[in-house]
Structure formats: C-alpha cells, structure tokens
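Working notes, beginning with the structure itself.
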Amino acid sequence: MSGRKEDFSPQSQGQVKMYVCGITAYDVCHLGHARSAIVFDIVKRYLRYKGFQVTHVRNITDIDDKIIARAQKDNVSYDVIAKKYTDEYYRDMEMLGVSSADIEPNATDHIREMIQTIQGLIDKGFAYPVDGDVYFEVGKFAAYGKLSKKNTEDLMSGARVDVDERKRSPLDFALWKSSKEGEPWWESPWGKGRPGWHIECTAMSSKYLSETFDIHGGGADLIFPHHENEIAQSEAYTGKPFVKYWMHNGFITVDKEKMSKSLGNFFTIKEILEKYDPETVRYFLLTAHYRSPIEFSDVQLTEAELSIDRYYSTVTRIKDFLEAAGAAEKPGTSADLEKVLAAFKDKFHNAMNDDFNTASALGFIFELIREVNRFLDSKPSGQKAKELVVRTRELLAGIGGILNIFNRTPEEWYRSLMKVKKIAVSEEALLQKIAERQEARKQKDWARADNVRKELEDKGIILEDKKEGTAWKVKAG
RNA sequence: GGCGGCGUACCCAAGUGGCAAGGGGGAGGUCUGCAAAACCUUUAUUCAGCGGUUCGAAUCCGCUCGCCGCCUCCA
C-alpha cells in the first residue's frame with residue numbers, strides 16, 4: 001500500500017492468509033494468466049518452506065458481463081461458458097504444473113454472502129439502490145484511491161466512463177446489477193439481478209480468510225479499478241483494514257506491448273505448451289522479477305530451455321561421478337565447492353526474502369552449478385568428495401522444489417524435450433544407432449562414426465562420448 | 001491531460017550509497033580420434049543524457065530524452 005517494499009509480518013504469527021484474483025471464465029487463458037498463477041504459486045511455496053502455514057484462496061469469476069456476452073454469442077446458457085472455461089483453466093494449470101489453491105471458490109456459490117454485504121453497505125450509508133441496481137457511493141469513502149494513488153478529482157475530470165444519470169457520481173460502481181431480459185438472475189432485496197464484479201472478492205475473502213488478511217495478489221491491471229473498489233467496499237463494510245500487503249505481478253509483453261485479449265497479441269497457454277516444456281515456461285517467468293514486465297519471445301523461451309538443460313546436464317554428470325568415483329581420497333577443488341555450498345542457502349534466502357527475487361536466486365543456483373562442475377573437472381575421488389557432491393545435488397533439488405523447477409530426472413527432461421520438439425526418432429532406433437556407431441568407433445572408422453553422429457544431430461539428438469559409453473540427449477535451444 | 005513504472009554489455013537480466021550477479025551469444029584455450037558437455041581466459045573503467053548531494057552513486061535529488069502501463073473490460 002505504501003508502494004514500497006515492507007518488512008513482512010503476518011497478522012497472526014506463523015500464519016499467512018493469501019487471496020489471489022483468479023480468472024473470469026469467458027475465454028481460454030493466455031500466458032499472462034499463467035504468469036499470475038505461477039508467481040503466486042511460488043510465493044506460497046516459499047512461504048511454506050519458511051515455515052508459515054499458508055491459506056491460499058484463488059477465486060473464479062463465473063458470472064460477469066463478458067461471460068453473458070459470450071454465452072449469447074454462442075447461444076448457450078452462461079453457466080455452460082463458465083463451466084467450459086473454468087475446466088480449461090484447471091487443465092492449463094495442471095499442464096503448467098501450478099499447484100491448486102487451498103480454496104477455489106466460484107462467485108455464483110456466494111450470492112447470499114454478497115447480498116448480505118451489499119445490504120450492510122446500504123445500511124451503513126455507503127451504497128444506494130436505484131431501479132434494481134445498487135451502487136457504491138465512492139464519495140462516502142474518503143480514502144478512495146489510496147492503492148492506485150489516484151485522487152477522485154483527477155478521476156472525475158478524466159472520466160471516460162459512460163455517464164449514467166442514475167448514479168450520484170460517475171465514479172460510483174455497481175455492487176448489484178438488475179438483470180435484463182434473457183440474462184441470468186438471482187433473487188435479491190432489490191429485485192432479480194446479479195452481482196457486480198468487485199463484490200465477490202470482498203465477500204469470499206472475508207468468508208474464507210478474515211475481514212483483514214495478509215496478502216492480496218493479482219495482475220497489475222487489477223489495481224484500478226478492481227482492487228481499489230475492493231478496498232472501498234470492504235473497509236466501508238467492516239471498518240477495518242482490508243489487506244496488509246498488496247502484490248501485483250507485471251505484464252507479459254510482446255514487442256514491448258502488454259499481451260492482452262483486446263490487442264490480440266496473446267499466446268494461449270496451450271499453444272505455448274505445444275512448443276515448450278512447462279518447466280521451460282515456469283523457468284522463463286522466474287528469470288525476471290515478478291513486478292517487472294517480461295518480454296515474451298521464442299528467443300527468451302529458448303534461452304530458458306538452455307538454462308534448464310545446463311542444470312540437467314550437471315545432474316547427469318553428478319550421477320556419473322557418483323557411480324564411477326574411486327575410493328582413494330582426492331580432494332580436487334573441494335575447498336572452493338565447500339565455500340560456495342556454505343554460503344548458498346543464505347544467498348538464496350536473502351534473494352527470496354527480498355520481495356521474492358527469483359531472478360537473483362537463479363543466479364546463485366548457476367554459481368553453484370559452475371562450482372560443482374569445476375569440482376568434477378578436477379577429478380576428485382573418495383568418500384568425502386562423494387558426500388560433497390551428494391550434498392550439492394540435494395541442495396539443488398531442494399531449491400528446485402521451492403521454485404517448482406529442476407524437479408525431474410534428466411531422462412524425464414529429455415523425453416519431454418523429444419515430445420515437445422517432435423523428434424522423429426524412437427528411443428530404440430536411437431540406441432540402435434549408438435550401438436552401430438560404437439562398432440565403427442571400435443574399428444576406428446571415424447568417418448562412419450561421425451556420419452551417424454551427424455545424422456542424429458540433424459534430427460536434434462546430440463551424442464556425448466564418455467569413458468563408459470555414449471550418452472544421448474536432445475539438443476536444447 | 002492526471003497518476004505510476006522502466007531505460008544496466010551483442011541479447012536477456014540481478015543489483016537501489018562502497019571496487020558491475022547469473023544465463024544466452026562471440027573470441028581464444030584445456031579436455032577429446034574428432035566432437036559434445038564441462039572448465040579457464042576474454043567480451044560494460046561503466047549503468048539513456050546532463051547537472052546536483054556525498055569521502056564515495058547504476059543506486060539519492062532535479063531536469064531532459066526515449067519506451068511502457070493505468071485512468072474503460074483486462075492477469
């Protein structure tokens with residue numbers, strides 16, 4: 001609310017109540033929706049890792065103008081649209097590997113609570129009914145604009161809103177809308193109608209969390225008017241502060257412009273996952289700070305893929321080492337590795353404690369990766385060296401668990417890349433080729449061996465000759 | 001017009017008062033039959049520009065330029 005970073009201390013010690021605006025179920029989700037979901041998934045995971053007991057609520061708006069419009073266009077009932085796109089949303093989230101929230105309420109299941117809140121606002125003089133609609137009277141709420149840092153005069157003068165004569169001020173917003181012919185409706189004290197957009201978050205957050213809760217999240221485009229209006233309604237109704245910390249994620253851009261439905265420059269989650277592994281998408285989104293805009297492009301996704309590949313290549317090396325390392329104690333560059341290892345957790349925590357700076361955290365991960373590679377290059381052996389490497393592996397895996405990346409085996413990663421890159425070689429055919437090439441290599445028929453390698457490379461497979469044999473992997477990037 | 005944000009190497013990006021993380025790319029090297037992977041060296045005396053504060057600024061302040069967002073539904 002201050003517009004700055006603040007020290008985090010939840011209302012009740014050890015417990016975090018977090019509400020994140022989900023989607024309006026009127027169309028398929030694009031990458032922008034994915035960013036919000038992924039960002040707050042990481043927030044939740046990290047807070048839990050730090051020992052907080054987190055209650056995460058993520059709502060679904062399943063009644064709204066756009067849903068109705070879509071339903072009319074498709075000539076079906078509004079709930080068919082809402083159901084369809086809610087299902088799509090859940091499917092997208094599952095494919096992306098985003099964990100579900102603890103509570104995922106739908107607006108239409110909370111009409112009663114919303115009516116109660118609206119009635120309360122009328123009783124307290126903050127809202128007024130007109131012809132079956134109910135409006136919130138912005139002028140009655142002195143602090144209006146405190147989140148978006150707008151003052152009401154500026155808003156008035158810049159008002160591009162259609163002036164509705166029945167409203168006392170153009171800034172007043174609907175809590176309840178009377179239903180027109182053919183629109184869905186619920187019975188209310190003001191006649192048949194449906195809730196306005198903002199009221200659901202007030203009603204549901206107080207129901208599932210409390211009147212004041214710790215973190216409220218969503219995309220930066222929700223700051224105004226959505227979150228501003230939520231504050232007004234909620235604080236007017238309860239007389240208590242609504243939210244302690246606001247977190248808004250930045251936009252995904254395409255050619256520097258916000259990815260959005262209206263500009264038509266969006267990529268759906270499904271489209272992207274046809275070309276990239278979900279882990280690549282998640283990693284990509286973590287490479288920039290959550291508040292910054294992030295430019296979507298194939299180059300960026302490709303770089304993310306290369307970075308992940310670097311991690312899995314290192315994991316493979318680690319595995320090879322642990323299987324092959326001799327018993328003789330040889331320390332290698334263990335002193336350097338130990339140093340990096342010792343400092344790593346603090347660095348990681350500092351980065352994440354500083355407003356979830358995942359980009360910085362990833363930097364430290366790659367420092368550790370370089371160091372362990374350096375250590376392995378120094379050809380260490382013995383029990384102590386093994387222990388050090390195992391420690392590194394566990395540390396990396398643990399961190400990966402928090403960021404929800406690096407949580408597969410290299411084999412799984414490469415199999416997934418094969419699929420995503422539509423590589424036209426089966427694993428059997430591949431092993432066959434490798435065997436063929438081994439034969440040629442044994443006979444020092446380098447030309448034939450190189451031919452096989454070239455042939456596979458053209459199909460996107462890279463071969464690596466090691467002491468113990470030849471390994472394959474999918475060419476990243 | 002009002003409000004807010006951003007501008008760091010060839011590209012992406014962290015750093016917000018004390019000698020400029022990390023990834024990708026380029027160049028050279030080590031290793032290898034040759035590769036790949038990995039590692040090493042190198043690639044910003046400089047952080048859009050100009051002033052100011054300070055012992056010291058990419059980091060704070062002011063101005064200028066450029067880009068973007070919100071002010072209407074929007075993650």
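Letters go in sequence order (proteins before strands), and every chain restarts at 1.
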Using a heavy-atom cut-off of 4.0 Å across all strands, would you classify [X] as base, sugar-phosphate, or nothing?
{"X": "L222(A)", "answer": "sugar-phosphate"}
{"X": "I252(A)", "answer": "base"}
{"X": "G250(A)", "answer": "base"}
{"X": "R4(A)", "answer": "nothing"}
{"X": "D450(A)", "answer": "base"}
{"X": "K149(A)", "answer": "sugar-phosphate"}
{"X": "H248(A)", "answer": "nothing"}
{"X": "E303(A)", "answer": "base"}
{"X": "F364(A)", "answer": "nothing"}
{"X": "R291(A)", "answer": "nothing"}
{"X": "E464(A)", "answer": "base"}
{"X": "G363(A)", "answer": "base"}

Could you identify the nucleotide paired to [N], looking across every strand shown and requiring Watson-Crick or G-U wobble geometry with both distances under 3.5 Å?
{"N": "A9(B)", "answer": "none"}
{"N": "G18(B)", "answer": "C55(B)"}
{"N": "U41(B)", "answer": "A27(B)"}

What about [X], does its side chain sit under 3.5 Å from the base of [N] through a donor-acceptor pair?
{"X": "K150(A)", "N": "C70(B)", "result": "yes"}
{"X": "D465(A)", "N": "C34(B)", "result": "yes"}
{"X": "R453(A)", "N": "C34(B)", "result": "yes"}

Between [X] and [N], does any side-chain N or O lie under 4.0 Å from OP1 or OP2?
{"X": "R310(A)", "N": "G23(B)", "value": "yes"}
{"X": "N357(A)", "N": "A14(B)", "value": "no"}
{"X": "K258(A)", "N": "C70(B)", "value": "yes"}

Should the pair H248(A) and H227(A) be assigned to parallel (<30°), tilted (30 to 60°) or perpendicular (>60°) ring geometry? tilted

Could you tell me how the ring of F356(A) sits relative to the ring of Y290(A): parallel (under 30°), tilted (30 to 60°) or perpendicular (over 60°)? perpendicular

Aromatic ring proximity F364(A)/F344(A), centre distance under 6.0 Å: no

